[in-house]
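Here's the structure we're looking at; comments come further down.
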Amino acid sequence: MTLIRKNFDVLIIGAGGAGLNAAVQLAEADLRVAVVSKVFPTRSHTVAAQGGVNAALGNVDEDKWHWHMFDTVKGSDYLGDQDAIEFMCREAIPTVYELEHQGVPFSRLDNGRIYQRPFGGQSRNFGAEQATRTCAAADRTGHAILHTLYQQNLKARSHFFTEYFAIDLLQDEEGGVTGALVMDISSGEPMILNARATLLATGGCGQVFRTTSNAHINTGDGMAMALRAGVPLQDMEFFQFHPTGVAGRGMLITEASRGEGGYLINKDGERFMERYAPTAKDLASRDVVARAIVTEVREGRGCGPRGDHVLLKVDHLGEATVAKRLPGIRETSRIFVGIDPAFEPIPVYPTAHYVMGGIPSDRFGRVVAPARHGPEEVVSGLYAAGECACVSVHGANRLGGNSLLDILVFGRLSGLDILEYLEEHPRHGQTDSASEEKAMARFQRFDREGEGIAVAELRAELQKVMEDHAGVFRTREIMQEGLEKVRAIRDKLDDVRLHDRSRTFNTARVEAFELENLVDVGMSIVTSALHRQESRGAHSRPDYPERDDRNWMRHSLYFREDDRLDYKPVRTRPLSVESFPPKARVY
Ligand SMILES: Cc1cc2nc3c(=O)[nH]c(=O)nc-3n(C[C@H](O)[C@H](O)[C@H](O)COP(=O)(O)OP(=O)(O)OC[C@H]3O[C@@H](n4cnc5c(N)ncnc54)[C@H](O)[C@@H]3O)c2cc1C
């Protein structure tokens with residue numbers, strides 16, 4: 001096997017919104033940029049984003065970035081870093097205008113301005129009234145954004161490695177990152193991509209759960225690659241369950257359906273959210289609505305023959321509104337449950353949707369990690385942005401419409417920071433041979449022969465364990481058992497065998513690498529969750545029902561080595577305004 005080596009100024013792993021918005025900054029500056037994606041770029045999960053992107057444009061009612069910041073801090077259950085949140089909410093406004101100028105076809109208000117809709121957890125005047133802040137292109141906003149960014153990258157001549165799978169990061173002797181080992185999926189051949197700076201923009205890991213809104217490709221590869229390179233994962237206990245997945249299937253029915261005036265009912269036809277969130281009702285924060293649905297079902301007020309879901313009504317909005325504002329979810333409902341939401345309610349139940357945690361990075365996209373018991377340091381040459389990163393702007397619970405914002409703002413900022421970094425680092429680093437050998441050993445791991453466990457079998461087992469033991473409500477017993485089960489699955493990885501070991505477009509091999517990544521990510525979730533003894537945001541523990549600011553206003557850090565945990569303080573000081581101190585979180 002000949003090992004091909006290529007040099008680039010910058011390596012970007014991931015062609016979703018985060019990766020593409022970083023790449024365009026760099027390619028426009030005439031740098032040699034490699035963008036690696038395991039699928040065709042416009043099939044990245046960003047394309048599936050429905051509802052929209054938040055920015056206080058004030059096109060419908062008066063709005064301010066400061067109110068957006070308040071909502072995001074409150075939504076995060078005070079775990080988000082307030083400097084990063086202030087930065088993101090301020091940057092939101094120019095970011096959306098820039099997208100519009102790049103060609104994103106936003107829906108329009110009658111006066112020609114960008115269409116905005118209300119979303120969960122949004123307010124004006126610091127919680128006083130509902131705001132209207134989510135900028136949308138019908139219910140296919142991600143599609144519009146991703147296609148535009150891809151076209152901008154083609155124009156700027158970013159170099160795409162499409163259908164290449166990143167295996168592992170490469171490092172110099174000090175742990176600085178020098179590029180990555182990737183596999184050409186079509187030929188199964190390995191290739192070394194050397195770069196002066198590497199950005200991980202590999203998206204989320206929803207596939208670690210059985211019922212999820214996430215695409216098949218969202219397997220946490222970048223997070224696991226960071227773990228294997230010695231970088232911890234931050235706040236992984238915080239996983240968002242979106243309240244309205246198609247019941248039993250998991251596909252997403254966007255929050256925009258409630259933003260446009262839809263609401264939830266139980267088997268008695270009751271609008272039950274009025275009991276859980278008297279003011280915001282169906283537009284309370286996602287963690288609140290998801291818990292309410294699970295509680296209704298557990299207390300016997302679920303719908304259907306098995307009483308295992310609730311109903312989402314949008315039929316009262318009229319067919320014209322559904323057709324104009326919610327065409328995507330209409331199609332999803334028709335295809336997957338044979339229901340036309342313009343005339344009938346949709347059966348829904350919470351679905352694993354978004355990971356608030358990820359690779360610890362600062363607001364310039366630089367990955368920061370503490371040395372063993374030492375202070376936090378920037379990992380030389382390594383950046384992370386998008387859902388795989390944790391800046392942290394979402395803290396314990398993300399607001400709808402804030403993730404597209406996060407990927408765009410911090411994708412762009414990473415690109416700009418890399419420009420500066422490259423000025424100071426004109427030469428390529430020297431990859432340590434041990435690091436390259438380790439990566440190659442992993443690449444060859446599934447060449448081993450003999451009978452063993454099938455990938456699909458072990459993946460299904462993991463997904464079931466995660467769903468049963470790290471779901472919407474979690475107790476110590478449940479999670480302890482979950483931890484042991486995930487550990488046992490990790491041990492079984494050594495027995496995984498491929499039935500087909502051929503090289504050419506062998507998706508089974510890709511799925512085997514993905515399974516290993518899912519197991520690492522699953523371990524980080526259950527380990528961090530078991531140790532956080534409080535309820536905050538999406539982490540809800542009946543055995544510790546209260547938020548505990550005295551002991552737990554801190555971020556968790558999970559290290560793969562010895563499954564060790566560490567903690568670091570929340571950054572409560574914003575950049576230019578007063579801090580929002582923790583308060584009871586009611587909607
Ligand atoms: C159904 C759905 C609807 C959503 N709706 C909204 C919404 O309305 N508003 C909102 O704010 N957020 C929404 N979100 C969340 C938001 O869309 C995502 O968090 C965001 O798009 C993630 O973008 P990203 O750039 O980080 O990653 P992604 O878009 O997921 O891209 C990841 C990229 O990494 C590549 N990759 C991964 N692993 C490897 C590997 N090993 N080798 C090579 N390449 C790799 C993939 O090929 C892909 O190109 C939604 C999410 C879902 C699932």
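As the structure lists them, so they are numbered: ligands from 1, and atoms in each ligand from 1. Residue numbers run from 1 in the order of the sequence given. Just so it is clear, the model here is predicted, and its values are computed rather than measured.
When only modelled atom types and interatomic distance are considered, Gln240 and Arg286 share a side-chain donor-acceptor pair under 3.5 Å. Between the side chains of Asn402 and His68, a donor-acceptor pair is found at a separation under 3.5 Å.
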Could you list the donor-acceptor pairs under 3.5 angstrom formed between side-chain atoms of residues 8-24 and any protein atom two or more places apart in sequence or on another chain?
from, atom 1, to, atom 2, distance (Å)
Asp9, OD1, Arg196, NH2, 2.9
Asp9, OD2, Arg32, N, 2.8
Asn21, ND2, Leu408, O, 2.9

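No heavy atom of Gly142 sits closer than 4.0 Å to any atom of ligand 1. Under a 4.0 angstrom heavy-atom cut-off, Val36 registers as being in contact with ligand 1. Distances from ligand 1 to the non-hydrogen atoms of Ile407 include at least one value under 4.0 Å. Contact annotation: Glu255 has no heavy atom less than 4.0 Å from any atom of ligand 1. Heavy atoms of Arg140 come nearer than 4.0 angstrom to ligand 1 in no pair at all. Gly401 counts as a contact of ligand 1, since one of its heavy atoms falls under 4.0 Å from the ligand.
Contact check on Arg398 versus Glu387 returns no salt bridge, with no Lys/Arg side-chain nitrogen under 4.0 Å from an Asp/Glu carboxylate oxygen.
Remark: minimum distance from atom 49 (O) of ligand 1 to any protein heavy atom is reached at Ser44 OG, 2.6 Å. Of the protein's non-hydrogen atoms, Thr46 OG1, 2.5 Å is the one closest to atom 29 (O) of ligand 1.
Numbered from 1 in the order shown, with element, the atoms of ligand 1 that lie under 4.0 Å from a heavy atom of Tyr164 read 42 (N), 43 (C).
The ring-ring contact (aromatic ring centres under 6.0 Å, His included) pairs that include a residue from residues 209-233 are Phe209-Phe239, Phe209-Phe241, where partners are two or more places apart or lie in different chains.
Aromatic ring centres of Phe160 and Phe40 lie farther apart than the 6.0 Å criterion allows.
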